[in-house]
2 protein chains.
Amino acid sequence: MEHKSSDKHGLLLPGGGPLYRQLAATLQHQLEGGHYGANEPLPAERDLAASFRVSRDTVRKAIRLLEEQGVVYSDHGRGTFVAPESVRQMSRFLDSFTDDAHRRGGVPGQQILLLEPAVATMALASLLQTEPDAALVRLRRLRLLNGVPVGLQDSYLRLPPGATIVRRELEAKGSLYRLLIEDLGVRPCECLESLCAVAAQPDEAALLKVAAGSPLLACERVTLSDRRQPIEYCEMRYVPSYRYKTRVNKWSLG
Amino acid sequence: MEHKSSDKHGLLLPGGGPLYRQLAATLQHQLEGGHYGANEPLPAERDLAASFRVSRDTVRKAIRLLEEQGVVYSDHGRGTFVAPESVRQMSRFLDSFTDDAHRRGGVPGQQILLLEPAVATMALASLLQTEPDAALVRLRRLRLLNGVPVGLQDSYLRLPPGATIVRRELEAKGSLYRLLIEDLGVRPCECLESLCAVAAQPDEAALLKVAAGSPLLACERVTLSDRRQPIEYCEMRYVPSYRYKTRVNKWSLG
DNA sequence: GAGTGGTCTAGACCACTCA
DNA sequence: GAGTGGTCTAGACCACTCC
């Protein structure tokens, strides 16, 4: 059940959940609806609190949320402002390839090259923090964007005991992460990535339809569950036209 | 002046600043000192509040801060735990190359190839949100790690009126960002990056001491000030041995 | 000085986990 | 049921910006 089933604050349409999330969603809707232009100020926190009949702290939590996503930014003593479009569109999620493609307005596709049991090597065992020879599942896929091959993904998964991945269901859902969440109760929560450039190996080149030795973007990823247990190690290769976008926020110096 | 000049909470050694930052720093010190192992629980929020003589909300703010940095994680109903080492070391800052090198235990170096006035092209004007033919500064550098070339950085900077970059000072500081902050009052705050793989052009290859056509990691970056004004556009090229590390947190699905 | 966001408090209650 | 983190409140005061 949700936090408050009925809404004592009539102004917040979006269904259940914490008040500050509802408020953040409402505000974001207003911004996307074009009620405000870039760098325009929002109403003051105290005013928002009054007009939505919530405490100022709840307003601040909602604004914090939007700020983390790059939707707004606050300046001490001046106000809170709408972030420029360019920033708003680059909030960095732990997105599946499928969702990312949709956000970019493309049509995602995939071709499953391999789906089979595997045993952990020493290296994999170390990355996934399991014993060597633990049972894993290997999943190798070719990813397509608008029908054109753009990437190769080679995953090693550590599933809950007894769980399996059914090829047909994966093909139906299109997204591995959706399948993990919805069918296996595994919730990816954050991941660590390391990127560099490599030369295409012959087999990679053939699948991606590029010349052997041509440059590819290589990305290694360890995905962690909400309890910080590694659940996936994935090696990826992307063609040069595929752009990996990220937003680095906060500043570490004083 | 700081928030509270004298410390009514004797337990928080670190100098001034908000209480919750002092508390976060204190806790982080304890974690790094090895008082806790990975996935070990911290004291409950109410207990921390009592022992540090602060409100529970202040404790929560400190923990939020550490959680964003990947130092700890909280599970509803279970407790707050120390994050695994691998996550702790990958908190993603807007680091200068110089600071990043130090964090990785290497010795950074640079060779200034070009430092000259430039005028904005249409493309640059659009990226930096200025008029075409606005006055910019172009800075092209070869970056070294332990004496070996690892990257090329080609920056176009939009400086405050009248400000200039002095070659000797940049060489002395080693870090462009430090110079911007400390000498010019410009505070980089967040940046948007786009990465892909490219083949090395002859001139790039010569500088980086690799073969022409070999794979390089290409990164384009727009840096924004605290008021979300673009202050820098930078194109970078890195050799394959240079690894770009990032941490993607939060999950966008329900 | 008026208005803004930033910090801090004390207390209440809800939701979740685990024994 | 005891203990944990998650949400919400109402009010106070501080720090900054701009007029």
Side-chain angles (χ1 to χ4, degrees), chain A residues 1-9 11-12 16-25 27 39-68 72-83 185 187 189 226-228, chain B residues 1-9 11-12 16-25 27 39-68 72-83 185 187 189 226-228:
Chain A
M1 246 302 129
E2 298 301 343
H3 199 65
K4 290 262 173 69
S5 61
S6 78
D7 203 21
K8 101 179 181 198
H9 313 272
L11 302 178
L12 306 175
L19 263 185
Y20 72 91
R21 283 190 184 277
Q22 298 178 36
L23 178 53
L27 290 175
N39 297 317
E40 243 182 85
L42 268 62
E45 294 176 352
R46 291 165 176 84
D47 294 343
L48 285 171
S51 64
F52 284 100
R53 317 299 216 91
V54 297
S55 76
R56 186 182 160 210
D57 211 57
T58 299
V59 171
R60 282 180 61 75
K61 271 187 196 152
I63 290 180
R64 241 20 88 239
L65 203 59
L66 296 176
E67 195 168 20
E68 279 169 23
V72 303
Y73 63 96
S74 296
D75 272 7
H76 193 168
R78 295 207 317 137
T80 299
F81 306 87
V82 180
R187 304 187 63 80
C189 173
D226 48 4
R227 295 204 182 172
R228 267 55 180 185
Chain B
M1 243 309 120
E2 297 303 342
H3 200 64
K4 290 261 173 69
S5 62
S6 78
D7 202 24
K8 103 179 179 198
H9 313 271
L11 301 178
L12 306 175
L19 264 184
Y20 73 90
R21 282 189 184 276
Q22 298 179 35
L23 178 53
L27 290 175
N39 298 315
E40 243 181 83
L42 268 59
E45 294 176 352
R46 289 164 176 86
D47 293 344
L48 284 171
S51 63
F52 284 101
R53 316 300 215 90
V54 298
S55 76
R56 185 181 159 210
D57 211 57
T58 298
V59 170
R60 283 181 61 77
K61 272 186 194 154
I63 290 180
R64 258 352 107 244
L65 202 60
L66 296 176
E67 194 168 22
E68 280 170 23
V72 303
Y73 63 95
S74 296
D75 272 7
H76 194 167
R78 296 208 316 138
T80 299
F81 306 86
V82 180
R187 304 187 64 80
C189 173
D226 48 4
R227 293 203 184 173
R228 267 54 180 186

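A, B, ... follow the sequence lines: proteins, then strands. Residue 1 opens every chain. A quick note: this is a predicted structure, and the numbers were derived from the prediction, not measured.
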* Asked: Who pairs with A:Asp226 by side-chain hydrogen bond (donor to acceptor under 3.5 Å, both in side chains), at least two apart in sequence or on another chain?
  -> none
* Grab the CG-P distance between A:Asp47 and C:dA2 for me, whole Å please. => 17 Å
* Asked: Reckon A:Ser74 has a side-chain N or O less than 4.0 Å from the OP1 or OP2 of C:dT4?
  -> no
* Asked: Can you tell me how far C1' of C:dA10 sits from CZ of B:Arg53, to the nearest Å?
  -> 15 Å
* Return the 5'-most residue of the pair B:Gly77, A:Gly77 with respect to DNA chain C, ranking by each residue's nearest nucleotide. => A:Gly77
* Structure fact -> CG of A:Asp57 to CG of B:Asp57, rounded to nearest 0.5 Å, is 6.0 Å
* Check the distance between C:dG6's P and A:Tyr73's OH and give it to me in whole angstrom. => 13 Å
* At under 4.0 Å, does any side-chain N or O of A:Tyr20 touch on OP1 or OP2 of D:dT7? -> yes
* Asked: Just how far, in rounded Å, is C1' of C:dG3 from CD of A:Glu45?
  -> 12 Å
* Separation of A:Leu48 atom CG from C:dG3 atom P, in whole Å? -> 16 Å
* Asked: Tell me: CG of A:Asp75 to P of D:dC16, nearest whole Å?
  -> 13 Å
* **Heavy-atom donor-acceptor pair, B:Arg46 side-chain to D:dG3 base, under 3.5 Å** => no
* Asked: By salt bridge (charged side-chain N to carboxylate O under 4.0 Å, His left out), which residues pair with A:Arg46, not counting sequence neighbours?
  -> none
* Structure fact -> Taken to the nearest whole Å, CZ/A:Arg78 to C1'/C:dG3 is 13 Å
* Asked: Can you list the residues that meet the salt bridge (charged side-chain N to carboxylate O under 4.0 Å, His left out) rule with A:Asp75, with sequence neighbours excluded?
  -> A:Arg78, B:Arg227
* With sequence neighbours excluded, what pairs up with B:Asn39 under the side-chain hydrogen bond (donor to acceptor under 3.5 Å, both in side chains) test? -> B:Tyr73
* **Candidates C:dG5, C:dT9, D:dC8 - which lies nearest the side chain of A:His76** => C:dG5
* Structure fact -> Stem ranges of DNA chain D by first residue number, counting only runs of at least 3 Watson-Crick or G-U pairs under 3.5 Å, come to C:1-18 with D:1-18
* How would you list, by chain and number, every residue that makes a side chain to side chain contact (heavy atoms under 4.5 Å, CB included) with B:Pro43, sequence neighbours excluded? -> B:Tyr36, B:Asp47, B:Leu48
* To do: For DNA chain D, find the residues of residues 56-67 of chain A with a heavy-atom distance under 4.0 Å and give them by number; none if there aren't any.
  => A:Arg56, A:Asp57, A:Thr58, A:Lys61
* Compare the minimum distances between each of C:dG5, C:dT9, D:dG6 and the side chain of B:Val54, then state the nucleotide with the smallest one. => C:dT9
* Value rounded to 0.5 Å, distance of NZ in A:Lys61 from CG in A:Leu23 -> 12.0 Å
* For residues B:Arg64 and A:Arg64, determine if any side-chain heavy atom of one lies less than 4.5 Å from a side-chain heavy atom of the other. => no
* Partners meeting side-chain hydrogen bond (donor to acceptor under 3.5 Å, both in side chains) with B:Glu45 (sequence neighbours left out) -> B:Arg56, B:Arg60
* From the options D:dC18, C:dT9, D:dT7, select the nucleotide whose nearest atom is closest to the side chain of B:Arg227. => D:dC18
* To do: Measure from CG on B:Leu23 to C1' on C:dT9 and round the result to the nearest Å.
  => 15 Å
* To do: Report yes or no: does A:Gln22 contribute a side-chain atom to a donor-acceptor pair with the main-chain N or O of A:Gly17 at less than 3.5 Å?
  => yes
